[in-house]
Amino acid sequence: MITRIISDSSCELFDSADGQFRTAPLTISTDERSFLDDGNLNTREMLDYLSAHKGRSYTACPSIESWLSCFEGADVIYVAVMTSALSGTLNSALSAKSIYEQQHPEVKIHIFDTLTTGPELWLFIEKLEELVASDTSYDEVIRIADEYIHTTRLFFALKSLHNLAANGRINKAVASAIGILGISILNTASEEGRIHPIGKCRSSKKLVASIMEQLDTAGYHGGKVRISHIENAALAESIQAEIYKKYPQADVQFRHCRGLCSYYAEKGGILIGCEC
């Protein structure tokens with residue numbers, strides 16, 4: 001019996017060496033060029049190109065073929081996808097599931113709509129890995145994982161809204177004003193999996209303080225924190241240090257964003273997933 005955990009490329013993790021964890025890549029595009037969010041993507045090159053690009057840009061969910069490729073060879077499959085409120089990724093995964101089950105009726109496939117992305121999705125995948133490693137039954141994995149979704153939170157701070165404006169998600173005048181003023185916009189993921197602004201900060205020091213305040217309000221008490229950043233390791237280290245000051249036993253890790261989150265959060269952006 002081969003059990004496999006699969007996600008889309010917004011999870012910040014890459015395929016495992018043993019193939020038991022795989023990701024289906026999203027695509028970031030303009031009318032002239034496309035970037036596949038796989039292990040070969042140069043995020044800095046992509047961001048430099050997009051920051052100079054004057055036209056529209058957009059993203060596309062993983063193809064059905066990429067999901068089917070991830071499914072191939074497994075007997076039990078858990079799929080964790082980014083929020084359905086902002087992406088068609090869930091629908092593409094469901095379509096692939098239907099096709100694969102017709103071809104392989106003996107295979108068990110469950111798809112989780114996590115209503116989040118980035119490092120909160122990263123936390124969710126780690127929970128699935130823990131459950132699978134402990135030989136938890138299929139039904140129990142689903143039950144426990146569904147409960148776990150409600151015990152984590154996502155916060156993120158954006159220094160630029162250029163790509164969100166180019167993607168048509170916010171007003172271009174608002175995005176331009178934010179860039180000129182040098183403000184970081186602090187947001188969280190709503191219960192419906194949408195972007196919910198919660199504050200504005202003009203300095204990294206104030207931003208770190210605001211993030212710590214949000215963690216406290218959310219009920220964080222020293223559990224796991226996963227941080228992803230876009231060319232801003234210094235800020236990630238500052239947040240990690242502040243968490244360790246208050247919770248020396250905390251498990252805090254950070255890494256650079258993959259392509260999809262780099263596209264939306266842009267240079268200087270940071271995302272924080274935590275257990276509450």
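For reference, positions follow the sequence shown, starting with 1. Computed from heavy atoms alone, side chains included, the values below leave out hydrogens, waters and symmetry copies.
Cluster annotation: Leu260 is not connected to Phe14 through the hydrophobic network of ILVMFWY side chains, with a link wherever side-chain heavy atoms come within less than 4.5 Å. Met82 and Trp67 fall into different hydrophobic clusters, where Ile, Leu, Val, Met, Phe, Trp and Tyr residues are linked whenever their side-chain heavy atoms come under 4.5 Å apart, directly or through other members. Hydrophobic cluster membership differs between Phe155 and Ile185, with clusters built from Ile, Leu, Val, Met, Phe, Trp and Tyr side chains linked at under 4.5 angstrom. Leu68 and Leu26 are not part of a single hydrophobic cluster, where members link through side-chain heavy atoms under 4.5 Å apart. Neither Val107 nor Met1 shares a network with the other; the hydrophobic side chains, linked directly or stepwise wherever heavy atoms of I, L, V, M, F, W or Y lie under 4.5 Å apart, form separate groups for each.
More than 12 non-hydrogen atoms from other residues, nucleotides or ligands lie less than 6.0 angstrom from CD of Glu101. Few gaps surround CZ on Arg143; more than 12 heavy atoms of other groups in view lie less than 6.0 Å from it. Atom CD of Gln103 has more than 12 heavy atoms from other residues, nucleotides or ligands within 6.0 Å. Within 6.0 Å of atom CZ in Arg194, 12 or fewer heavy atoms from other residues, nucleotides or ligands are found, so the atom counts as exposed in its surroundings.
Of all heavy-atom pairs spanning Arg22 and Cys70, the tightest one is NH1-O, 3.6 Å. Closest non-hydrogen pair, Thr43 versus Cys257, comes out as CG2-O, 4.0 Å. Contact record, Phe71 with Ala93: CZ-O, 4.5 Å, taken as the closest heavy-atom pair. Taking every heavy atom of both residues into account, Thr89 and Cys61 meet most closely at OG1-CB, 3.5 Å. Here the shortest heavy-atom pairing between Glu12 and Ser228 reads OE2-OG, 2.9 Å. Nearest heavy atom pair, residue Gly73 against residue Ile2, reads O-CD1, 3.5 Å.
In this structure, Phe156 has its ring center at least 6.0 angstrom away from the ring center of Tyr264.
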Would you list the atom pairs, donor with acceptor, under 3.5 Å between side chains in residues 116-126 and any protein atom, with sequence neighbours excluded?
residue, atom, partner, partner atom, Å
Thr116, OG1, Glu120, OE1, 2.4
Thr117, OG1, Ser10, OG, 2.9
Glu120, OE2, Thr152, OG1, 2.7
Glu120, OE2, Arg153, N, 3.3
Trp122, NE1, Glu126, OE2, 3.2
Glu126, OE1, Lys224, NZ, 3.1
Glu126, OE1, Arg226, NE, 3.2
Glu126, OE1, Arg226, NH2, 3.1
Glu126, OE2, Arg226, NE, 3.2

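Rounding to the nearest 0.5 Å places CD of Glu191 at 10.5 Å from NE2 of His196. Distance check: Ile211 CD1 to Gln214 CD gives 9.0 Å after rounding to the nearest 0.5 Å. Expressed to the nearest 0.5 Å, how far CD of Glu266 lies from CD1 of Ile230 amounts to 8.5 Å. Note that the OG atom of Ser92 and the CD atom of Glu65 stand 10.0 Å from one another [nearest 0.5 Å]. Note that CZ of Arg4 and CD of Glu72 are 8.5 Å apart. Values are rounded to the nearest 0.5 Å. Expressed to the nearest 0.5 Å, how far CD1 of Ile28 lies from CE of Met46 amounts to 5.0 Å.
Contact of the Asp75 side chain with the His104 side chain is not registered, since no non-hydrogen atoms from C-beta on lie closer than 4.5 Å. Inter-residue side-chain proximity for Asp48 and Lys267 is flagged as met; some heavy-atom pair is nearer than 4.5 Å. Residues Leu131 and Tyr78 have side chains not in contact (no heavy-atom distance under 4.5 Å, counting atoms from C-beta outward). In this structure, Ile195 and Leu86 have side chains that are in contact, with non-hydrogen atoms separated by less than 4.5 Å. Counting heavy atoms from C-beta outward, His53 and Arg33 have side chains that stay 4.5 Å or more apart. In this structure, Leu13 and Ser7 have side chains that are not in contact, with every pair of non-hydrogen atoms separated by 4.5 Å or more. Within the 4.5 Å cutoff, no side-chain heavy atoms of Tyr247 are placed close to those of Leu215. Counting only heavy atoms from C-beta outward, the side chains of Phe112 and Leu128 approach each other to under 4.5 Å.
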(request) Determine, step by step, whether Ile149 and Leu115 satisfy the side chain to side chain contact (heavy atoms under 4.5 Å, CB included) criterion, reporting the C-alpha distance in whole Å, the side-chain angles of both residues, the deciding distance to 0.1 Å, and the verdict. (result) CA-CA 9 Å; Ile149 287 175; Leu115 297 177; 5.7 Å; no
(message) Apply side chain to side chain contact (heavy atoms under 4.5 Å, CB included) to residues Arg258 and Leu41 and explain how you reach the verdict.
(response) CA-CA 8 Å; Arg258 287 185 62 166; Leu41 177 64; over 6 Å; no
(message) Assess the residue pair Ile243 and Met212 against the criterion (side chain to side chain contact (heavy atoms under 4.5 Å, CB included)); give the C-alpha distance rounded to whole Å, side-chain angles, the decisive distance to 0.1 Å, and a yes or no.
(response) CA-CA 8 Å; Ile243 293 172; Met212 293 301 298; 3.8 Å; yes
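Summarising the hydrophobic clusters (Ile, Leu, Val, Met, Phe, Trp, Tyr; side-chain heavy atoms under 4.5 Å, direct or chained), the residues clustered with Leu36 are none.
A donor-acceptor pair under 3.5 Å links the side-chain atoms of Asp15 to the main chain of Thr23, judged by distance alone. Formation of a donor-acceptor pair under 3.5 Å by the Thr188 side chain with backbone atoms of Leu154 is found in this model. Remark: the backbone N or O of Gly223 is paired with a side-chain donor or acceptor of Tyr220 at under 3.5 angstrom. For Ser95 (side chain) and Asn91 (main-chain N/O), a donor-acceptor pair under 3.5 Å exists by modelled atom type.
In summary, the side chains of Ser134 and Thr136 do present a donor paired with an acceptor at a separation below 3.5 Å, with no hydrogens or angles considered. Under 3.5 Å, the side chains of Glu275 and Tyr148 contain a donor-acceptor pair of N or O atoms. Donor-acceptor pairing under 3.5 Å is recorded for the side chains of Asp113 and Ser84.
Using cut-offs of 30° and 60° on the angle between ring planes, the pair Tyr49 and Phe35 is tilted.
A salt bridge is absent between Lys246 and Glu242: the closest approach of a Lys/Arg side-chain nitrogen to an acidic carboxylate oxygen does not fall below 4.0 angstrom.
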